[in-house]
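For reference, the structure discussed in these notes is given below.
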Amino acid sequence: MPPFSQPDFSMKRKLKVFKFGGASVQDAAGVKNVADILQTYKNDPLVIVVSAMGKTTNALERIVAAHAYHTGEAYLLLENVKQGHYAIMEELLGKNDPAYDDVNDHFVAIEWVLETEPHPNYDFMYDQIVSVGELVSTRIVAAYLNKSGLAAQWLDARDVIRTDDIYREGWVQWDETIENARRLAQPMLEKGGFVVTQGFIGSTKENFTTTLGREGSDYTAAIFSFCLEAESMTIWKDVPGVLTADPRIFENVAKLDRLSYREAIEMTYYGAKVIHPKTIKPLQNKSIPLFVKSFLNPEAEGTFIGPDVDDLYPPMVAVEKNQALLNIATRDFSFVAEHHMSFIFNKIAEYRLQVNLMQNTAISFAVCINNVDDRVHKFAQSIEKDFKVMIDNEGLELTTVRHYTPQTLEMLRQGKIILVEERTRNTVQMVMKVVPELKRKS
Ligand code: ADP
Ligand code: ASP
Ligand code: MG
């Protein structure tokens with residue numbers, strides 16, 4: 001493969017942004033490994049974005065549900081999360097470290113929420129509780145880096161990332177965020193030492209905590225990279241780089257050494273879980289290269305993601321599970337015309353649904369949508385006066401193949417019923433129903 005042309009870096013763009021996800025800091029050994037990796041970058045200006053430890057976000061989600069539905073388990077679940085963190089802290093920091101006070105303060109914020117009646121806005125309450133995962137993980141990581149001789153300053157990402165007030169899926173208000181990043185992070189970097197901050201979280205202009213959507217820490221790192229004009233961004237994963245398909249689903253996957261922003265955004269939008277789909281745009285807009293590297297083998301080269309080149313790619317597969325296929329038909333047999341489309345798409349936007357595929361016939365229209373919470377049903381209800389809506393959401397997956405070959409498609413179809421298929425020169429998309437007794441082969 002020919003090399004990508006590298007962007008022209010000016011001398012001031014020396015900042016690097018690193019992102020360490022939940023898997024990299026799931027236990028004390030993980031945090032020690034992160035500190036070992038960072039020793040190599042001791043003298044570099046570095047913003048380090050860290051996610052919640054291991055599966056903490058899922059655990060916090062269960063606390064939110066327990067409180068909202070009065071199951072009586074919320075305090076017990078919280079206690080488990082606390083004990084898990086204290087055990088890691090003890091191994092890393094001993095019994096007396098100022099970080100305990102900070103971590104306790106964040107957990108107390110959850111207790112306050114639990115002491116009052118569940119907030120009528122579930123998503124608002126969710127963000128107040130779930131954000132604590134990143135707040136405590138960064139307290140612990142920053143304290144351990146300082147203890148290891150790596151100067152680290154803790155930055156509250158909520159003071160930087162300004163979002164709208166759509167809880168659980170805040171949209172970034174860029175002007176304020178850029179201003180905040182420069183005002184707060186720049187002086188910290190100039191002082192020297194690393195800046196450690198949280199992935200996934202932000203705040204509204206009224207200072208209420210928001211989150212950016214599950215798995216949003218990659219996106220946070222891209223936001224910081226954009227605002228501070230980083231030289232490069234690196235996400236450290238438990239895989240060697242971007243692979244041709246998800247290794248949890250397929251065998252015989254291969255690492256891609258280089259990938260264009262275009263390929264990366266196409267694959268991640270349709271479910272390649274290795275990078276959050278919103279990550280690529282801010283990087284592409286400022287020609288900031290993205291490296292995907294393994295925290296288990298930090299010396300290895302990983303994947304480089306950069307500007308487009310004329311290149312040959314092997315077949316690449318992304319699978320998005322949990323899909324809903326909606327068949328939307330006019331009630332009076334009129335053709336599906338532009339004004340219907342515009343009405344339906346306005347509603348889709350209102351419910352913040354992601355359309356992955358669509359197809360229309362004379363009087364009906366099929367859309368494949370990510371089946372999130374009860375939003376698909378709420379959307380269907382909102383248009384049912386004018387349209388008959390049929391929803392199929394049982395065991396549906398969307399498989400997207402870039403640079404397909406007949407053999408790849410044949411392999412993917414095994415054990416599946418294909419409900420909708422669409423094909424362009426580079427891409428095939430198939431909405432499939434999983435037949436459980438037939439196992440997928442690679
Ligand atoms: P993080 O710890 O940063 O949250 P994730 O678990 O979200 O990391 O993402 C890494 C996982 O993404 C890998 O373990 C792998 O199973 C999955 N994955 C899905 N598609 C791909 C792909 N195309 N290449 C590499 N990994 C992939
Ligand atoms: N902790 C959040 C999540 O698990 C964000 C992230 O890890 O990227 O979704
Ligand atoms: Mg993740």
Side-chain angles (χ1 to χ4, degrees), residues 6-21 41 44-51 127 131 134-135 138 142 152-213 215-235 261 264-265 268-269 275-291 305-307 352:
Q6 296 279 347
D8 180 25
F9 300 131
S10 65
M11 285 304 285
K12 71 180 170 65
R13 291 175 70 181
K14 285 223 208 80
L15 170 75
K16 292 187 175 68
V17 174
F18 282 2
K19 180 259 174 171
F20 289 97
Y41 301 90
D44 292 349
L46 202 60
V47 170
I48 303 164
V49 174
V50 184
S51 303
D127 282 355
S131 54
E134 268 68 14
L135 291 166
T138 48
Q153 305 161 77
W154 187 86
L155 173 64
D156 193 327
R158 296 171 300 180
D159 293 336
V160 175
I161 298 184
R162 185 68 63 245
T163 70
D164 64 8
D165 59 0
I166 304 293
Y167 294 97
R168 286 179 85 170
E169 213 175 316
W171 283 2
V172 174
Q173 313 289 298
W174 284 97
D175 290 347
E176 277 177 80
T177 303
I178 292 169
E179 207 276 311
N180 292 341
R182 295 191 181 149
R183 185 173 42 82
L184 295 170
Q186 204 68 57
M188 288 170 112
L189 288 162
E190 276 157 22
K191 208 172 118 196
F194 301 150
V195 172
V196 174
T197 195
Q198 309 77 43
F200 184 48
I201 69 173
S203 78
T204 65
K205 65 175 185 305
E206 289 85 20
N207 283 324
F208 288 117
T209 303
T210 50
T211 61
L212 307 177
E215 303 294 335
S217 298
D218 296 337
Y219 182 39
T220 300
I223 297 167
F224 274 95
S225 299
F226 180 95
C227 296
L228 300 170
E229 313 221 326
E231 170 197 85
S232 69
M233 170 173 149
T234 305
I235 50 181
Y261 293 124
I265 206 163
T268 56
Y269 184 79
I275 308 168
H276 189 281
K278 284 185 169 177
T279 309
I280 307 296
K281 182 184 185 300
L283 300 179
Q284 189 277 343
N285 289 178
K286 291 225 166 142
S287 298
I288 299 168
L290 170 62
F291 296 94
I305 299 171
R352 293 205 175 181

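For reference, positions follow the sequence shown, starting with 1.
Leu189 places a side-chain heavy atom less than 4.5 Å from the side chain of Leu228. Using a 4.5 Å heavy-atom cutoff, the side chains of Ile275 and Ile305 are in contact. Within the 4.5 Å cutoff, no side-chain heavy atoms of Lys16 are placed close to those of Pro45. Residues Asp218 and Thr268 are not in side-chain contact: their nearest non-hydrogen atoms beyond the backbone lie 4.5 Å or more apart. At least one side-chain heavy atom of Ser51 sits under 4.5 Å from a side-chain heavy atom of Lys19. When side chains are defined from C-beta on, Val160 does not count as touching Thr197, because their heavy atoms never get closer than 4.5 Å. In this structure the side chain of Val195 never reaches within 4.5 angstrom of the side chain of Phe224, judged on heavy atoms. At a threshold of 4.5 Å between non-hydrogen side-chain atoms, the residues Asp175 and Glu179 do not count as touching.
Judged purely by atom type and a 3.5 angstrom limit, Thr177 uses its side chain to pair as donor or acceptor with the backbone of Arg162. Checking side-chain atoms of Arg182 against main-chain N and O of Cys227 turns up a donor-acceptor pair under 3.5 Å. Formation of a donor-acceptor pair under 3.5 Å by the Gln198 side chain with backbone atoms of Leu155 is found in this model.
Shown here for Val49 and Ala221, the closest heavy-atom pair between the two residues is CG2-CA, 3.9 Å.
For residues 161-183, the set of pairs meeting the ring pair (Phe, Tyr, Trp, His ring centres under 6.0 Å) definition, not counting sequence neighbours, comprises Phe124-Tyr167, Trp174-Phe226.
The side-chain hydrogen bond (donor to acceptor under 3.5 Å, both in side chains) with Thr210 is formed by just one residue from the set Thr204, Thr163, Asp164, Asp127; it is Thr163.
Interatomic distance, Ile201 CD1 to Ser217 OG, rounded to the nearest 0.5 Å: 9.0 Å. Between atom CZ of residue Phe200 and atom CD1 of residue Ile161 there is a gap of 12.0 Å, rounded to the nearest 0.5 Å.
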